[in-house]
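Starting from 1, each residue takes its place in the sequence as its number. Values reported hereafter were calculated over all heavy atoms of this structure, with side chains retained and with hydrogens, waters and symmetry mates removed.
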Amino acid sequence: MMCRSVDLEHAVTAKNDGLAAALRADLTARGVTVVNLMSSPGSGKTELLARVLGRAVERGLKVAAITADLATENDARRLARSGAPVKQLLTGGLCHLEAEQVRAHLDGWLPDGTEVLFVENVGNLVCPAAYDLGEALRVVLMAVTEGEDKPLKYPTAFGSAQLVVVTKTDLAEAAGFDARAFAEHVQRINPGVDTVRSCARTGDGVDVLLDRVTAVRAGEPVHRPVLAGHGETHLSAALDPR
């Protein structure tokens, strides 16, 4: 039974990978760069994205966003205040997004001339990490209140990230966040990945994050995480260096 479950999971992700590759090719041909944002619930991802969208609109960058939740359109309403086109995607209980869902919601909606599409994934660091959405940049976010050992607890998410963003940095001292330990954990799981510090309340890191996105759009090479090269052996060694 276990073998059948694993085989089924591999079949599902393999199908998704094919659909994601096709979606990536289609959007790239249209000049659209996709950014996949993943985090746990309560990371401050939506508020930070709202600030990034607002800044992008100020700069004249043509951006759009899809935000995914199990229920309610609250996040779409929050993000739409930025002035960017936003669409809510309700998963109907599914704990992650898949490339087929993203394509279905883009058809007939994505505005012509869109340069960057942000996809705010479901608040979950487990299932979303296994699904390519056709992104050019995969970003994992984590609030300082979640603890510096988060990368060790969710190695697939952090190990597949092309950029890590720390949020709510204004609470770091109150939360007792150990920034040095966090950095060590991130590098242990995903050597060479960059980390951006941010605070949606103050605006810190908003321009830095947007600059990273526009650099990728301009053709700057992205970090290649170990898991992109089937780095399970490295990941196992990082978690248990004995």
Side-chain angles (χ1 to χ4, degrees), residues 35-59 63 65 67-69 72 74-75 77-79 81-82 84 118-126 128-129 137-216 222-223 225-227 235 238-241:
V35 181
N36 180 6
L37 304 174
M38 301 190 304
S39 77
S40 296
S43 69
K45 177 169 81 268
T46 303
E47 189 59 32
L48 180 61
L49 177 56
R51 294 294 296 267
V52 170
L53 290 173
R55 189 61 53 84
V57 170
E58 290 174 4
R59 291 190 188 182
V63 294
T67 179
D69 276 307
T72 83
N74 294 343
D75 285 352
R77 285 192 285 269
R78 290 170 62 188
L79 294 176
R81 295 174 194 146
S82 67
F118 290 91
V119 179
E120 183 182 18
N121 219 313
V122 180
N124 180 349
L125 280 179
V126 181
L137 182 65
R138 174 175 288 210
V139 183
V140 172
L141 303 93
M142 190 204 87
V144 297
T145 52
E146 296 179 62
E148 57 274 354
D149 60 345
K150 194 85 170 186
L152 303 181
K153 294 179 177 179
Y154 296 90
T156 302
F158 282 88
S160 64
Q162 293 166 306
L163 183 66
V164 174
V165 176
V166 181
T167 64
K168 302 185 181 181
T169 53
D170 56 325
L171 302 177
E173 184 176 354
F177 181 68
D178 188 335
R180 178 177 295 182
F182 172 75
E184 291 175 351
H185 296 330
V186 168
Q187 292 304 311
R188 180 174 163 188
I189 295 298
N190 192 345
V193 70
D194 284 342
T195 297
V196 172
R197 292 172 56 85
S198 71
C199 176
R201 180 177 296 174
T202 65
D204 181 45
V206 170
D207 283 307
V208 176
L209 179 53
L210 186 55
D211 286 344
R212 294 297 184 93
V213 171
T214 55
V216 171
V222 296
H223 168 69
V226 292
L227 289 188
L235 190 56
L239 292 173
D240 186 6

Are the side chain of [X] and the backbone N or O of [Y] linked by a donor-acceptor pair below 3.5 Å?
X    : Y    : result
S40  : N124 : no
D170 : T202 : no
S160 : L227 : no
R138 : A157 : no
Q187 : G192 : yes

Which heavy-atom pair separates [X] from [Y] by the least distance, and what is that distance?
X    : Y    : result
G159 : P225 : O-CB, 3.1 Å
M38  : N36  : CG-OD1, 3.7 Å
L163 : D194 : CD1-O, 3.5 Å
S82  : V57  : O-CG2, 3.7 Å
T169 : C199 : OG1-CB, 3.6 Å
A143 : S43  : CB-O, 3.8 Å

As an exercise, state the distance from [atom1] of [X] to [atom2] of [Y], rounded to the nearest 0.5 Å.
X    : Y    : atom1 : atom2 : result
K168 : L48  : NZ    : CG    : 11.0 Å
H223 : L137 : NE2   : CG    : 11.0 Å
M142 : Y154 : CE    : OH    : 11.5 Å
K153 : T156 : NZ    : OG1   : 15.5 Å
T167 : L209 : OG1   : CG    : 11.0 Å

Short N-O contact, K45 and D75, less than 4.0 angstrom: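 The answer is no: the pair does not qualify as a salt bridge.
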Charged N to carboxylate O below 4.0 Å: is that the case for R78 and E47?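 Here R78 pairs with E47 in a salt bridge, since their nearest N and O are under 4.0 Å apart.
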Worked check of side chain to side chain contact (heavy atoms under 4.5 Å, CB included) between L125 and F158: CA-CA 9 Å; L125 280 179; F158 282 88; 4.0 Å; yes
Regarding T46 and E120, do their side chains bring together a donor and an acceptor under 3.5 Å, going by distance alone?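 There is such a pair (donor and acceptor under 3.5 Å, judged by atom type) between the side chains of T46 and E120.
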Just wondering, more than 12 heavy atoms not from R55 lying within 6.0 Å of its CZ?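 Yes.
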Please determine whether side chain to side chain contact (heavy atoms under 4.5 Å, CB included) holds for the pair L210 and R59, giving the CA-CA distance in whole Å, both sets of side-chain angles, and the decisive distance to 0.1 Å. CA-CA 10 Å; L210 186 55; R59 291 190 188 182; 3.7 Å; yes
Answer yes or no: is there a side-chain heavy-atom contact under 4.5 Å between L79 and F118?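 No; the side chains remain at least 4.5 Å from each other.
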